[in-house]
Amino acid sequence: MIQIELKDGSVREYEKGATVLDVAKSISGRLGRETIVGKLNGKIVDVRYPINENGTLELLSFDDEEGKRTFWHSASHLMAQAIKRLWPEAQLTIGPAVENGFYYDIDLDHTFTPEDFSKIEKEMTKIVKEAPPITRWIATREEALEWAEKEGETYKTEMIENLPEDEPISFYGQGEWQDLCAGPHILNPSMIKASKIMSLAGAYWHGDADNKMLQRVYGIAFPKKSMLDEYLKLLEEAKKRDHRKLGKELDLFSMHEEGPGFPFFHPKGMVLRNQLETFWREKHQQSGYVEIKTPIMLSAELWKQSGHWDNYRDNMYFSEIDEQEFAVKPMNCPGAMLIYKSNPHSYRDFPLRMAELGQVHRHELSGALHGLMRVRSFVQDDAHLFMTFDQIQDEIVGVIQLADYFYKTFGFEYSVELSTKPEKAMGSDEDWEKATDALRNALEVTEIDYVLNPGDGAFYGPKIDFHLRDSIGRTWQCGTIQLDFQMPERFDLHYVGSDNAKHRPVVIHRTVLGSIERFMGILIEHFAGKFPLWLSPVQVQLITVSDAYNDFAQELAEKFIEKGIRVNIDDRVEKIGYKIREAQLLQIPYMLVIGEKEMTNQILTVRNRDTAAQNEYTVDEFLNKLTTNIENRTLELF
RNA sequence: GCUGAUGUGGCUCAAUUGGCAGAGCAGCUGAUUUGUAAUCAGCAGGUUGUAGGUUCAAGUCCUAUCAUCAGCUCCA
């Protein structure tokens, strides 16, 4: 007999060799039905896994991350089986679960069309009805290769050949179809009560653009039909907060064919932008930064010196001035280096924090452009910090805390990645190691959770990235901290130390918002256009009941303007309901109906955008509440 | 850049098998002076992304090109 400790701390006895499923069934029928995978002593195992020794076991269902992934992985098998039935010549590659569902990459001459989706879905439903039990077995390398040969699955042959010698090669099968797969999997496709093919995309084999492009079929699946409906509804909701749609509706910015990747900011978008920048300047000044501004175009010679010419030329724009080659800056660092070099520096100046809202241009691939999120020209909220080696950790910690402060002000959740040396990089392995250690230490000091992203650093140094999430769950890099030992060498920077000798300073590049454009995109989606008061393009809408009250509204407006409130008067001859509706659609925080009652009593009737509640205030009361909320950059309206 | 899809008034969308480009909203004009999410009527607005081609006839079919969307790749 063996002893299994369960999640609730209870211990149960089983025959040696009892499977995860046996355990689940023994506890309750429901657990028996819903358990998808087990976590045995911290390791994910198939429900078919026989337990041979004492240990702790967690039973995971679709509600658990690991359970969900397994479920979706099995759904991708179901889809693959359906596709193989419909197109037997299809060659299968890989079919993993992703954040929202699963995909399978398939090599097939027939190009899938959206019309094929329903065909595939129908076949999937048929298989679900057949309910073939999913079985697992281990094959030798020879058997596995034989299978791939027989099935004509050339990609699988390649995958088998690349498997490590000592790893057991497992197969999963359902009905007439088998697949090479590490698992784990659910017991039977009949557990998949609802599934839907979502979209189609091209994807390269092994993610390498030199390889053949495969067809990637995306799908989603759930153990309950109602969950699929809910998910589809959620997607609809997310579409409504797409910053491209809201940008148009709220008249914040526009994009034009004449300038692909170059956004145009409208007056209301500029209010938002300027508020952001004002906030940014205020906080940076408080945090000991000075501000600089460097030119958009600089000599090509400078970019050769900085290393951008060798490492970043494909992404740069060039032009000629007086027969000399110039480049439009893709980054702000070389300009900042020149400013540093224009004066001698002492260790007493350090740390020197030079910030720059710098407009950069980068030639991004046309297919990569995406609203404000990925553009070809954007303003980085950049800064270059110059310091001694001893100051590195404190400075990185300082930036991490600054970034945290900014994100918290907007109520963002964020994730952090540490990226290490890429293939195309300058500098010695030793320098890279030192720099990477410094970043890692700072992360550990601040006790921030992070994931490692090997090989994804900048060409001049490793980096810490801050990622924010958009409305449909895609994450975008915003803040970044990059340690750089290269620029100081290349530009021969130095400072005089306390020993009266010349030393090389260390440089940190960093952004917090990342790009103002991208950050605005994220903000729009995060708030779904309902900006907090301090960011709202129009903060107060005065709505007159009839033109008898226009003068009074005008008087009031002047009082608001005097306090710096962004106010707008709607004195059109329209019904109140009509004017309220328009202000509401523009997400204006406060709507004030101005009529007889207000004029005679000298009182304000205030409608709140979010609650639709109506409150009465005296003018001074309301003004005080407004200014306090704005000054504190409060997220909620009052 | 690659794969696939999509481009019709400012916006959202119609237009049988190729057969006279249309509606709602927004805009303008007039009437309505209105109390918390749409007052009524009239008017105007388009070389159907662009350039070619097929055809008696093209929004519709073909070719090229540009842009956008989804993903890949890349990245703030």
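Chain letters run A, B, ... following the sequence lines, proteins first and then strands; every chain starts at 1.
A:Lys240 meets the side-chain hydrogen bond (donor to acceptor under 3.5 Å, both in side chains) test with A:Glu237; sequence neighbours excluded. Take A:Glu596 and apply the side-chain hydrogen bond (donor to acceptor under 3.5 Å, both in side chains) test, not counting sequence neighbours, and it matches A:Tyr549. Checked against side-chain contact (heavy atoms from CB on, under 4.5 Å), A:Lys84 has the following partners two or more places apart in sequence or in another chain: A:Ala90, A:Leu92, A:Glu153, A:Trp177. Contacts of A:Asp314 classified as side-chain contact (heavy atoms from CB on, under 4.5 Å), with partners at least two apart in sequence or in another chain: none. With sequence neighbours excluded, the residues that form a side-chain hydrogen bond (donor to acceptor under 3.5 Å, both in side chains) with A:Thr605 are A:Glu598. Scored by the side-chain contact (heavy atoms from CB on, under 4.5 Å) test, A:Ser415 finds A:His467 as partners (sequence neighbours excluded). Scanning for side-chain hydrogen bond (donor to acceptor under 3.5 Å, both in side chains) contacts around A:Thr154 gives A:Gln91, with sequence neighbours left out. A:Ala327 meets the side-chain contact (heavy atoms from CB on, under 4.5 Å) test with A:Trp303, A:Met316, A:Phe318; sequence neighbours excluded.
For the OP1/OP2 pair of B:rU33 and a distance below 4.0 Å, the side-chain nitrogens and oxygens of A:Arg572 include no atom meeting the criterion. Phosphate proximity of B:rA76 to A:Gln477: present, with a side-chain N or O under 4.0 Å from OP1 or OP2. Contact annotation: A:His370 reaches the phosphate of B:rA70 (side-chain N/O to OP1 or OP2, under 4.0 Å). Distances shorter than 4.0 Å separate some side-chain N or O of A:Lys463 from OP1 or OP2 on B:rA76. For A:Arg244, a side-chain nitrogen or oxygen approaches OP1 or OP2 of B:rC69 to under 4.0 Å. Within the structure, every side-chain polar atom (N or O) of A:Thr480 is placed at least 4.0 Å from both OP1 and OP2 of B:rA76. Taking only side-chain nitrogens and oxygens, A:Tyr578 comes nearer than 4.0 Å to OP1 or OP2 of B:rA26.
When atom types are taken as modelled, the side chain of A:Arg607 and the backbone of A:Gln614 share no donor-acceptor pair closer than 3.5 angstrom. Within the 3.5 Å criterion, the main-chain N or O of A:Ile522 finds no donor-acceptor partner in the side chain of A:His526.
For the pair A:Lys625 and A:Tyr617, the NZ or CZ position fails the cation-pi test of under 6.0 Å to the six-membered ring centre and within 45 degrees of the ring normal. Judged by the 6.0 Å and 45° rule, A:Arg518 forms no cation-pi pair with A:Phe378.
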With sugar-phosphate taken as primed atoms, P, OP1 and OP2 and all else as base, the protein-contact string of nucleotides 9-14 of chain B at under 4.0 Å (heavy atoms; B, S, -) is ------
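Spacing of P atoms, B:rU17 relative to B:rU60, comes out at 15 Å, to the nearest Å. B:rA70 and B:rC62 are spaced 26 Å apart, taking the C1' atom of each and rounding to whole Å. Nucleotides B:rC13 and B:rA76, compared at atom C1', are 36 Å apart to the nearest Å. Separating the P atom of B:rU54 from that of B:rA15 is a span of 29 Å, rounded to the nearest Å. Separating the C1' atom of B:rG7 from that of B:rG59 is a span of 11 Å, rounded to the nearest Å. Rounded to whole Å, the separation between the C1' atoms of B:rG24 and B:rC20 comes to 23 Å. Comparing B:rG9 with B:rU63, their C1' atoms sit 28 Å apart, to the nearest whole Å. Using atom C1' as the reference point in both B:rU39 and B:rC25, the two lie 15 Å apart (nearest Å).
Distance CD (A:Glu257) to P (B:rU50): 9 Å, rounded to an integer number of Å. When rounded to the nearest whole Å, the span between CD of A:Glu574 and C1' of B:rU33 equals 11 Å. Distance, A:Asn315 CG to B:rU73 C1': 12 Å, rounded to whole Å. Rounded to an integer number of Å, the gap from CH2 of A:Trp476 to C1' of B:rC74 is 11 Å. Rounded to whole Å, atom P of B:rC69 lies 14 Å from atom NZ of A:Lys245. Between the CD1 atom of A:Ile576 and the P atom of B:rG35 there is a distance of 7 Å, rounded to whole Å. Counting to the nearest Å, the P atom of B:rG4 and the CG atom of A:Leu108 are 13 Å from each other. The interatomic distance linking A:Gln380 (CD) with B:rA76 (C1') rounds to 6 Å, in whole Å.
Comparing atom distances between the A:Ala203 side chain and each of B:rU39, B:rC75, B:rC72 picks out B:rC72 as nearest. For A:Arg374, whose side chain is taken as the heavy atoms from C-beta onward, the closest listed nucleotide among B:rC72, B:rU73, B:rG35 is B:rU73. Comparing B:rU68, B:rC75, B:rA76 by their nearest atom to the side chain of A:Leu369 picks out B:rU68. The nucleotide whose nearest atom lies closest to any side-chain atom of A:Pro260 is, among B:rC75, B:rU36, B:rA67, B:rA67.
Residue-level contact check: A:Glu249 touches neither bases nor backbone, having no heavy atom under 4.0 Å from any strand. Heavy atoms of A:Tyr218 sit under 4.0 angstrom from primed sugar atoms or phosphate atoms, though from no base atom. When heavy atoms are screened at a 4.0 angstrom cut-off, A:Ser366 is found touching base atoms of the nucleic acid. Using a 4.0 Å heavy-atom criterion, one finds that A:Glu582 contacts no nucleic acid atom at all. Heavy atoms of A:Val375 sit under 4.0 angstrom from at least one base atom. At the heavy-atom level, A:Arg216 lies under 4.0 Å from the strands shown only through sugar-phosphate atoms.
Between A:Gly479 and A:Arg581, it is A:Arg581 whose nearest contact on RNA chain B lies nearer the 5' terminus. Residue order along RNA chain B, read from the 5' end via each residue's closest nucleotide, puts A:Asp547 first among A:Asp547 and A:Glu517.
You won't find any donor-acceptor pair under 3.5 Å spanning the side chain of A:Arg376 and the base of B:rA76, going by distance alone.
Contacts of residues 584-605 of chain A with RNA chain B (heavy atom under 4.0 Å): A:Gln584, A:Leu585, A:Val593, A:Gly595, A:Glu596, A:Lys597, A:Glu598, A:Thr605.
The number of heavy-atom neighbours closer than 6.0 Å to CG of A:Asp610, taken from other residues, nucleotides and ligands shown, is above 12.
The ring of A:Phe102 has its center no closer than 6.0 angstrom to the ring center of A:His73.
A ring-ring contact (aromatic ring centres under 6.0 Å, His included) check over residues 575-594 of chain A, counting only residues at least two apart or in different chains, returns the pairs A:Tyr590-A:Phe622, A:Tyr590-A:Phe638.
Remark: ring of A:Phe378 stacked against base of B:rA76; centroid gap under 5.5 Å, plane tilt under 30°.
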Show me the dot-bracket string of RNA chain B, counting Watson-Crick or G-U pairs under 3.5 Å, with | for pairs to another strand and [ ] for crossing ones. (((((((..((((.....[..)))).(((((.......))))).....(((((..]....))))))))))))....
